[in-house]
Amino acid sequence: MQHIDKGIYSFSTCWNIRKHDVGEAMIREIAELGFRQVELNYNVTKEMLTTIEPMIERGDIGISSVHNTFPHDPDPDYGTDSVLLGFEDEVKRQRAIELLVESAEYAHRYGAKAVVVHPGEVPFPEDISKDLGKLYHEDGPDSAKYRSKWAELMERREALSSGYVQKIIVSLDEVCNRAEAKGLDVRFGIETRSRPQQIPTLAEAKTIITALKGASVGIWYDTGHAIMMDRLGLYDSVGEMQGLMDDIVGVHIHETLGLSDHWCPYVYSKDMNFYDAYLPMIRRAQVKVYELKSACKPEEIHESHDLLMKKLEAAD
């Protein structure tokens, strides 16, 4: 059953990739929701592309964006939670640059406007975000245990982040130069992340974008991740968002309940006002992508989209 046309809005394959082996079937299921465009996420394999590419060529589907590292790379060094563009090891850093340029080549070939980029992180010997999440739920963010673990995170983050940020700036500069030399007409959106040791904070994003002024780099504002980082205490997701309005490339649209993300806005939280704070960024973004988890049902996706459209129209 074909549902109402979602217009310029795109939809990430992260919603249904785990249940499909064949790319075409995965894309058709998304198209049946009324989406004319998709974001191909980092789990899409070269094998899946063999059946997706003919759909793109026929005009059955448009590609709004691809998510680095694309297509899927099984090496965790170049996965989504990695130092990536901030590697001190020059061989690894150069490999990360090559893979990002390759993602941009795919994006350009498919007519996509943007590549979503996880720039890097401050590495920790243990999974500190998991420890923080556990303390957040069990003891609460105001507890002494949580505050102590948070202070430990921030101490290491503040000591090391500027070095990684500088490496990321150098890497992105190389990426943009290579992309420009190849004539690739795409923008790179550095994404707000879901773990507090990851780069960038909104202030770090501003630093990176300002350093690369004139390059095709901007912010990819993932609303759900920003909400999560705000709750943990990393930054003010609404207040600091204003300073990045002119740098927006794209948005990931989803809501976070507690510290659980990728839910349909408004529908799961039952809060008809909270998510409104992020509407200005959604309005400004060139590329608007729903990034929802598989638990979100088609009827909930339609309901959430209808609510979002009504909210945006009312605010005009």
Side-chain angles (χ1 to χ4, degrees), residues 1-67 70-72 80 103 106-107 109-116 189 220 222-224 250-257 260-270 275 278-279 282-283 285-313:
M1 178 178 165
Q2 189 87 23
H3 274 277
I4 190 158
D5 184 353
K6 302 294 192 295
I8 61 167
Y9 285 77
S10 179
F11 196 84
S12 170
T13 53
C14 75
W15 177 64
N16 62 343
I17 193 158
R18 303 222 177 273
K19 69 181 207 187
H20 289 284
D21 296 318
V22 179
E24 183 179 11
M26 173 176 72
I27 300 297
R28 291 225 177 280
E29 188 178 26
I30 292 171
E32 280 167 15
L33 295 172
F35 288 96
R36 290 188 239 159
Q37 297 187 66
V38 297
E39 176 174 291
L40 297 171
N41 83 325
Y42 48 78
N43 286 320
V44 173
T45 62
K46 281 192 170 153
E47 193 181 11
M48 285 177 150
L49 290 175
T50 59
T51 57
I52 295 172
E53 284 179 352
M55 298 179 79
I56 299 167
E57 283 157 22
R58 289 195 304 265
D60 293 352
I61 197 73
I63 307 301
S64 64
S65 37
V66 305
H67 196 313
F70 181 89
H72 181 65
T80 50
S103 295
Y106 274 96
R109 192 185 319 155
Y110 296 161
K113 295 188 179 83
V115 180
V116 183
W220 189 280
D222 183 300
T223 55
V251 288
H252 276 152
I253 300 168
H254 61 103
E255 196 170 8
T256 296
L257 309 185
S260 169
D261 55 356
H262 301 289
W263 295 103
C264 297
Y266 303 110
V267 172
Y268 280 86
S269 64
K270 304 281 187 275
Y275 197 75
Y278 303 92
L279 297 177
I282 293 170
R283 184 183 284 105
Q286 182 189 16
V287 189
K288 311 171 202 287
V289 183
Y290 284 95
E291 193 181 53
L292 303 176
K293 58 172 67 183
S294 58
C296 296
K297 299 181 180 72
E299 60 273 19
E300 292 160 341
I301 294 165
H302 299 312
E303 185 188 348
S304 182
H305 181 71
D306 288 346
L307 284 165
L308 194 73
M309 291 307 97
K310 287 190 179 94
K311 295 263 189 189
L312 286 164
E313 280 163 28

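If you're wondering where the values come from, they're calculated on a predicted model, not measured in any experiment. The basis for the numbers below is simple: all heavy atoms, side chains too, and nothing from hydrogens, waters or symmetry mates.
Shortest non-hydrogen contact noted between Ser304 and Pro265 is OG-O, 2.8 Å. Of all the heavy atoms in Glu300 and Ala295, the pair that sits closest is OE1-O, 3.9 Å. Nearest approach of His67 to Asn41, heavy atoms of both residues: CB-CA, 3.7 Å. Scanning all heavy atoms of the two residues, the minimum distance from Ser10 to Val38 falls at OG-C, 3.1 Å. Closest non-hydrogen pair, Leu292 versus Cys14, comes out as O-SG, 3.5 Å. The two residues Trp220 and Ala114 have their closest heavy-atom pair at CZ3-CB, 3.9 Å.
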Phe11 and Ile301: CA distance, side-chain angles, deciding distance, side-chain contact (heavy atoms from CB on, under 4.5 Å) verdict: CA-CA 10 Å; Phe11 196 84; Ile301 294 165; 3.8 Å; yes
Derivation and outcome, side-chain contact (heavy atoms from CB on, under 4.5 Å), residues Ile56 and Ile61: CA-CA 5 Å; Ile56 299 167; Ile61 197 73; 4.1 Å; yes
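For the atom pair CD1 (Ile17) and CD1 (Ile30), the distance works out to 8.5 Å, reported to the nearest 0.5 Å. One finds the CD1 atom of Ile63 at 12.0 Å from the CZ atom of Arg109 (value rounded to the nearest 0.5 Å). For the atom pair CE of Met26 and CG of Asn43, the computed distance is 9.5 Å after rounding to the nearest 0.5 Å. Between the OG1 atom of Thr13 and the CG atom of Leu40 there is a distance of 5.5 Å, given to the nearest 0.5 Å. Rounded to the nearest 0.5 Å, atoms CD1 (Ile27) and CD (Glu32) are 12.0 Å apart. Atoms OH and NZ, from Tyr268 and Lys293 in turn, are 9.0 Å apart once rounded to the nearest 0.5 Å.
Side-chain contact check for Lys310 versus Asp306: some heavy-atom pair is nearer than 4.5 Å. With contacts defined as side-chain heavy-atom distances shorter than 4.5 Å, the pair Leu279/Leu308 qualifies.
Every side chain to side chain contact (heavy atoms under 4.5 Å, CB included) that Lys19 has, sequence neighbours left out, goes to Asn16, Glu29. Listed by chain and number, the residues in a side chain to side chain contact (heavy atoms under 4.5 Å, CB included) with Ser269 are Glu255, Leu257, Asp271 (sequence neighbours excluded). Applying the side chain to side chain donor-acceptor pair (under 3.5 Å) rule to Glu39 yields the partners Ser65, His252; only residues at least two apart in sequence or on another chain are considered. Evaluation of the salt bridge (Lys or Arg N to Asp or Glu O under 4.0 Å) rule for Glu47 yields no partner, not counting sequence neighbours. Residues satisfying the ring pair (Phe, Tyr, Trp, His ring centres under 6.0 Å) test with Tyr275, not counting sequence neighbours, are Tyr266, Tyr278. Every residue meeting the side chain to side chain contact (heavy atoms under 4.5 Å, CB included) condition with Arg58, not counting sequence neighbours, appears here in chain and number order: Glu24, Arg28, Pro54, Met55, Asp60.
Of the possible polar contacts, none joining the His72 side chain to the Val44 backbone as a donor-acceptor pair under 3.5 Å is found. Side chain of Trp15 to main chain of Tyr290: no donor-acceptor pair is present (N/O by atom type, distance under 3.5 Å, no hydrogens or angles). A distance-only check finds a donor-acceptor pair linking the side chain of Lys6 to the backbone of Leu33 [under 3.5 Å].
With 3.5 Å as the limit, one finds no donor-acceptor pair spanning the side chains of Lys297 and His302.
Between His262 and His254, the ring-plane angle classifies as parallel under the 30° and 60° cut-offs.
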